[in-house]
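Here the structure is a predicted model, which is why all the values come from computation and not from measurement.
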Amino acid sequence: NLRFEGDKINFVARESFNVESHDKVDINGQNVNIHARQRMRIKSSSLLSVNAKCGVELLTKIIKGVSCATPKRSTLLNK
C-alpha cells in the first residue's frame, strides 16, 4: 500500500502521467476539475453513466454522434 497525505500535494510530469488500476479508480472531492488544453476523451468499453443530481451543462459549438435523445427517463442498468 502507498498513501500520500498532506494539506496540498502536487504531481507534475514534464511528459506524461498515467494512472492505471486492475480493479477500480475513485476520485472524491468537493470540486473536481479536469482541464485539457487541447483534447479530452472519455471512453468506456461497456456503459458510460453520467449522474448529476442538479443538472448537466454542456457548452460546445458542435455535438457529433448523438444516437438518441428522449424525454422518457430510462436506464440501461436495470435491463
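Here the straight-line distance linking atom OG of Ser16 with atom CG of Asn18 works out to 5.0 Å at 0.5 Å rounding.
Residues Met40 and Ala36 share a closest heavy-atom pair of CB-CB, 3.7 Å. Here the shortest heavy-atom pairing between Thr60 and Ile62 reads OG1-O, 3.0 Å.
The hydrophobic clustering, which links ILVMFWY residues whose side-chain heavy atoms are closer than 4.5 Å, places Phe4 and Ile27 apart. If you chain together hydrophobic residues whose side chains sit under 4.5 Å apart, Leu59 and Val32 never meet in one group.
Applying the 6.0 Å contact sphere to CD1 of Ile9 captures more than 12 heavy atoms from other residues, nucleotides or ligands. Surrounding CG of Asp26 are more than 12 heavy atoms belonging to other residues, nucleotides or ligands, all under 6.0 Å away.
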